[in-house]
Amino acid sequence: MADEAGNLSYRDLQHKFVSNLNGTSLFEISVVVSCAPMAVLLRTCVGGIVMGSMASHSWLSSSIILFLDYMTLVIPIILSFTVLADYASKMLVAMAVFIGSCMVLKSAVNYFEGNLSTKTLLHSRTNGRQPFICNFRAYVLIATAISILAVDFPIYPRRFAKAETYGTGIMDVGVGAFVVSNAIVAPEARNVSKKGTSFLKSFIKSLISSSPLLVLGLLRCLAVKSTDYQEHISEYGVHWNFFITLFIVRVLSTIIVYLITSPNAYGPTGLGLAIFYQYCLSKLGLEDFILHGSGGDGSRHGLVNANREGMVSCIGYLALYLMGLQLGRFLFIKRDTFSSWLKAFILLVLLDILFWVLTITCSNNVQPVSRRMANLTFVLWQMAYNIQLLSSFLLADLIVAVTMVTKSDNPKAAGCEVCYASTESLKRKPIRQTYCACLITAINRNQLAYFLLANLLTGAVNLSVKTLFCSQGQSLGIVCGYMFILNLVFSVLHIWNITLRIH
């Protein structure tokens with residue numbers, strides 16, 4: 001690195017550090033991200049030991065809960081993404097042994113207190129809670145916030161960074177996970193969209209509600225250009241970025257959803273669009289255009305050529321969004337008993353197996369995964385990956401219900417039982433009415449603001465520190481400090497009942 005620094009500018013070194021990478025295996029990504037649902041179980045066990053009930057009205061208790069959440073929900077992910085990346089499987093086993101020991105002890109206590117019989121548990125009421133969705137959506141942001149800064153430090157394995165054209169890194173799941181995360185809680189997925197609304201009214205409403213994303217995208221572009229901040233052009237293009245992609249997908253989805261006569265056709269339409277898009281990539285020359293431009297020389301002359309990756313990949317992300325809507329409709333089917341959620345878990349696992357089979361088959365016979373193009377294999381992989389995470393978080397809830405419930409209780413959810421006490425846990429109003437200092441709920445309350453501040457802090461760190469030359473200790477300290485500040489800000493906002501309405 002030192003020899004290269006003598007010939008290249010620091011900005012060029014940064015660009016080289018994140019360029020021409022090929023990613024890692026699908027299996028390793030699945031193992032590493034499994035630390036997230038395991039961390040939720042860890043928080044449940046440690047929280048039950050340290051705090052008992054998570055409800056509290058004192059600043060001391062809130063501070064303890066914040067520290068507990070940070071140590072159990074965030075630190076394991078930081079470690080598995082960085083210095084312990086090579087030992088992720090061993091880390092999972094160690095967490096599982098500790099969690100298993102805690103739950104065995106709790107089950108033994110429950111046995112003497114009077115535990116629920118299997119039949120009673122299966123028919124026990126769960127009040128329709130869906131906390132695993134909250135956990136999933138929060139962890140999409142936590143993992144993204146860690147990665148966008150840690151990738152600039154030597155402690156972040158290069159195989160986890162974004163692959164150049166083909167390949168799979170942990171960072172390649174970021175935008176896809178955001179798209180699925182938004183889709184599964186969209187009004188169309190929750191069946192709360194207003195029927196009979198005219199197309200024009202729906203379209204204008206979508207434009208207005210999505211306009212902050214466009215504004216943020218334009219502001220990010222201006223900020224990057226004005227500060228000469230290093231950027232990876234082959235990711236989205238010269239001017240395009242993540243926010244603009246989300247804006248386009250949201251607006252286009254409004255048009256497609258209006259044209260679809262049956263909500264049950266969201267998924268098939270998305271899959272059909274992804275297949276047609278792949279046909280255009282493979283047979284009609286669209287892949288060559290994305291990789292080499294209209295002139296075949298890779299030039300960036302003209303607005304379309306300059307942003308061809310961002311513009312064209314929106315088709316793949318739109319297909320993924322539509323499939324996410326179908327998944328959301330399944331998740332929000334009313335389920336009031338433990339047995340109904342157990343059946344839902346089994347169905348999710350079967351669906352996940354199907355998507356993994358399709359992903360591997362498509363990768364071997366059609367085209368490897370390409371986040372840059374958001375091709376068919378990428379869309380299938382994103383569905384497999386996100387369903388795996390959702391089912392893992394649901395499994396965490398089921399495990400807690402089995403091992404930590406007595407005759408005097410209803411089944412609890414993994415995480416904070418205060419936040420997840422009602423079917424309205426995804427809505428802001430009940431969250432404001434319920435006092436707690438839970439980090440998961442704090443993040444869910446201000447998702448876009450959380451991601452925006454993460455980007456701003458990442459930029460500030462990169463402008464003030466030469467991240468490439470930091471030691472392992474310095475790198476880990478900066479990333480941990482950054483995540484603590486980020487989560488502290490939104491925990492305080494949550495405690496103060498402040499919701500930042502950016503979208």
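Along the sequence shown, residues are numbered consecutively beginning with 1.
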Validation row: [X], [Y] side chains within 4.5 angstrom (heavy atoms):
X    : Y    : value
L141 : F178 : yes
S313 : M373 : no
M171 : T144 : no
P76  : F81  : no

I'd like to know if the side chain of [X] and the backbone of [Y] have a donor-acceptor N/O pair within less than 3.5 Å.
X    : Y    : result
R445 : H494 : yes
N22  : G167 : no
S80  : A85  : no
S491 : L488 : no
S299 : G295 : no
D69  : C438 : no
S206 : S202 : no
R250 : S210 : no
N446 : L500 : yes
N375 : S370 : yes

Steps toward side-chain hydrogen bond (donor to acceptor under 3.5 Å, both in side chains) verdict (S391, D352):
CA-CA 9 Å; S391 58; D352 192 36; 4.9 Å; no
Euclidean distance, [Y] [atom2] relative to [X] [atom1], rounded to 0.5 Å:
X    : Y    : atom1 : atom2 : value
L219 : L452 : CG    : CG    : 9.0 Å
Y266 : L322 : OH    : CG    : 9.0 Å
L351 : L327 : CG    : CG    : 7.0 Å
C362 : L376 : SG    : CG    : 4.0 Å
T24  : I29  : OG1   : CD1   : 6.0 Å
L439 : F67  : CG    : CZ    : 13.5 Å

If a pair satisfies salt bridge (charged side-chain N to carboxylate O under 4.0 Å, His left out) and one of its residues is in residues 284-308, list it, with sequence neighbours excluded.
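Pairs touching residues 284-308 that pass the test: R300-E309.
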Contact list for residues 156-172, test salt bridge (charged side-chain N to carboxylate O under 4.0 Å, His left out), sequence neighbours left out:
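Output for this query lists E28-R159, D86-R159, K162-E235, D172-R371.
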Test side-chain hydrogen bond (donor to acceptor under 3.5 Å, both in side chains) applied to N487 and Y70, Y482, Y450, the passing residue:
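Exactly one pass, corresponding to Y450.
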Matching residue for F242 among F451, Y317, F247 - test: ring pair (Phe, Tyr, Trp, His ring centres under 6.0 Å)
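Of F451, Y317, F247, ring pair (Phe, Tyr, Trp, His ring centres under 6.0 Å) with F242 is met by F451 alone.
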Which residue is it: T82, L476, V461? I am looking for the one with a side-chain contact (heavy atoms from CB on, under 4.5 Å) to F153.
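When side-chain contact (heavy atoms from CB on, under 4.5 Å) is applied between F153 and each of T82, L476, V461, only V461 qualifies.
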Take atom [atom1] of [X] as the centre, draw a 6.0 Å sphere, and report whether it contains more than 12 heavy atoms from other residues, nucleotides or ligands.
X    : atom1 : value
F199 : CZ    : yes
R329 : CZ    : yes
Y10  : OH    : yes
K225 : NZ    : yes

Begin from the C-alpha positions of S282 and Q278 and carry the test side-chain hydrogen bond (donor to acceptor under 3.5 Å, both in side chains) through to its verdict.
CA-CA 6 Å; S282 302; Q278 183 62 54; 2.8 Å; yes
Is the gap between the ring centers of Y139 and F393 under 6.0 Å?
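Between F393 and Y139, which both carry aromatic rings, the centre distance is below 6.0 Å.
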Test item: side-chain donor near acceptor, W381 and T168, under 3.5 Å
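Side-chain D/A pair, W381 to T168: absent.
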